[in-house]
Undergrad: 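Got a structure for you, questions after.
Bear in mind that the values here come from a model prediction, so they are computed numbers and not experimental data. Lettering of chains follows the sequences in order, A, B, ..., and the numbering in each one begins at 1.
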Amino acid sequence: MLNLIYRNLYSHFGPQNWWPVTSEKDTKQKLEVCFGAILTQNTNWKNVEKAIAQLNKNNLINTKRIIDISNKKLALIIRSSGYHNQKAKKLKNFCYFLSKTYNGNLNLFFKNNMEKLRTELLSINGIGPETADSIILYAAKKPIFVIDAYTRRIYSRIFNIKPLGYDELQQIFMKKLNNDPKLFNEYHALLVELGKNICKKKPLCNQCPINNMCNYYNKNHKIKNSKNKI
DNA sequence: ACCCAGGTGGCCC
DNA sequence: GGGCCACATGGG
């Protein structure tokens with residue numbers, strides 16, 4: 001079923017290519033992905049892009065320089081991403097951690113296995129499960145499945161169950177799918193695309209690429225609550 | 001004038 | 001251990 005949903009989504013929306021890190025050696029690019037993962041918390045991606053452009057412009061895709069700049073200045077630079085005061089601290093926390101534990105060497109940090117990466121990322125204030133997993137998948141390119149609010153809603157709706165917890169749902173996806181970072185990357189992005197574009201107002205939508213499954217859900221379980229949107 | 005966006009941490013009970 | 005709440009900007 002999960003593989004079928006993926007195929008439907010992929011043929012409908014096409015490849016999303018979120019955060020394609022082209023060069024394995026480009027550490028700066030990976031660091032930019034880490035920063036993006038933090039900046040996009042509860043924020044529209046367009047606004048994050050502007051903030052990242054500002055960081056680049058100010059030569060701040062760099063752990064040491066993030067640590068050195070004042071919170072105030074940093075907050076101003078990333079202003080467009082919203083929550084700028086909080087996020088300035090979060091970026092710094094991440095950089096402090098890298099600096100203290102891995103001498104600022106992101107590649108060294110990424111040499112750890114997934115479990116250790118996740119544990120250490122979660123220990124940083126400002127990084128929760130979704131951000132940690134985004135960093136592991138999109139920057140470190142290790143096969144972990146990122147869960148978000150859309151994924152929860154879509155899954156609970158198709159299978160007519162109450163929304164599952166983060167770790168629980170993640171385990172389900174990871175058991176049913178091939179352990180392929182590229183697949184996990186696209187799948188998560190496609191679910192977000194579905195959530196953003198389709199079935200926002202009505203429980204049913206003819207253009208929805210998982211329409212049959214929605215139909216199944218609605219017909220058999222009589223869910224009419226429009227608040228339960230995908 | 002609303003409502004939402006690729007969440008997280010803190011506090012309350 | 002679940003349920004609120006603050007956090008803040010830009011786009012539709």
Undergrad: Going by atom types only, do A:Asn107 and A:Lys30 share a side-chain donor-acceptor pair under 3.5 Å?
TA: yes

Undergrad: Please tell me if the side chains of A:Pro15 and A:Glu186 come closer than 4.5 Å, counting only heavy atoms from C-beta onward.
TA: yes

Undergrad: Between A:Thr40 (side chain only) and A:Gly36 (backbone N and O only), is there a donor and an acceptor less than 3.5 Å apart?
TA: no

Undergrad: I'd like to know if A:Lys28 and A:Glu32 make a salt bridge, using a cut-off of under 4.0 Å between side-chain N and carboxylate O.
TA: no

Undergrad: Where the side chain of A:Val192 is defined as all heavy atoms beyond and including C-beta, which of B:dT8, C:dG11, B:dG6 is the nearest nucleotide?
TA: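 Side chain of A:Val192 sits closest to B:dG6.
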
Undergrad: Below the 4.0 Å mark, does B:dA5 have OP1 or OP2 next to a side-chain nitrogen or oxygen of A:Tyr150?
TA: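 Checking B:dA5 against A:Tyr150, a side-chain N or O does come within under 4.0 Å of OP1 or OP2.
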
Undergrad: With heavy atoms under 4.0 Å as the rule, sort A:Ile124 into base, sugar-phosphate or nothing.
TA: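 Sugar-phosphate, backbone atoms only, no base.
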
Undergrad: For the side chain of A:Arg118 and the backbone of A:Asp133, is there at least one donor-acceptor N/O pair under 3.5 Å apart?
TA: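 Looks like no, no N/O pair under 3.5 Å.
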
Undergrad: I want to check one thing: is the phosphate of B:dG6, taken as OP1 and OP2, less than 4.0 Å away from some side-chain N or O of A:Thr131?
TA: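 The answer is no; no side-chain N or O of A:Thr131 sits under 4.0 Å from OP1 or OP2.
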
Undergrad: Ring of A:Trp45 versus six-membered ring of B:dA5: centres under 5.5 Å and planes under 30°?
TA: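 The base of B:dA5 is not stacked with A:Trp45 (the test needs centres under 5.5 Å and planes under 30°).
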
Undergrad: Taking A:Asn17 for the side chain and A:Pro20 for the main chain, is one N or O donor matched with an acceptor at less than 3.5 Å?
TA: no

Undergrad: Taking the side chain as every heavy atom from C-beta outward, state whether A:His188 and A:Phe173 have any atom pair closer than 4.5 Å.
TA: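 A:His188 vs A:Phe173: side chains apart.
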
Undergrad: Counting only heavy atoms and a strict 4.0 angstrom limit, can you tell me which residues of residues 162-177 of chain A come near DNA chain B?
TA: none

Undergrad: For DNA chain C, which residues of residues 81-98 of chain A approach it to below 4.0 angstrom with any heavy atom?
TA: A:Gly82, A:Tyr83, A:His84, A:Asn85, A:Gln86

Undergrad: Side chain to side chain contact (heavy atoms under 4.5 Å, CB included) between A:Leu121 and A:Phe94: does it pass, once the steps are laid out?
TA: CA-CA 8 Å; A:Leu121 284 167; A:Phe94 178 71; 3.9 Å; yes

Undergrad: Please state the C1' separation for the pair C:dC7 and B:dA5 - nearest whole angstrom.
TA: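 My reading of the C1' atoms in C:dC7 and B:dA5 gives 14 Å.
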
Undergrad: Closest to the A:Asn44 side chain: B:dG6, B:dG7, C:dT9?
TA: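 Closest of the options to the side chain of A:Asn44: B:dG6.
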
Undergrad: Rounded to whole angstrom, note down the P distance from C:dA6 over to B:dC3.
TA: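 It works out to 16 Å between them.
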
Undergrad: Quick one: is B:dC4 close enough that its OP1 or OP2 comes under 4.0 Å of any side-chain N or O from A:Lys46?
TA: no

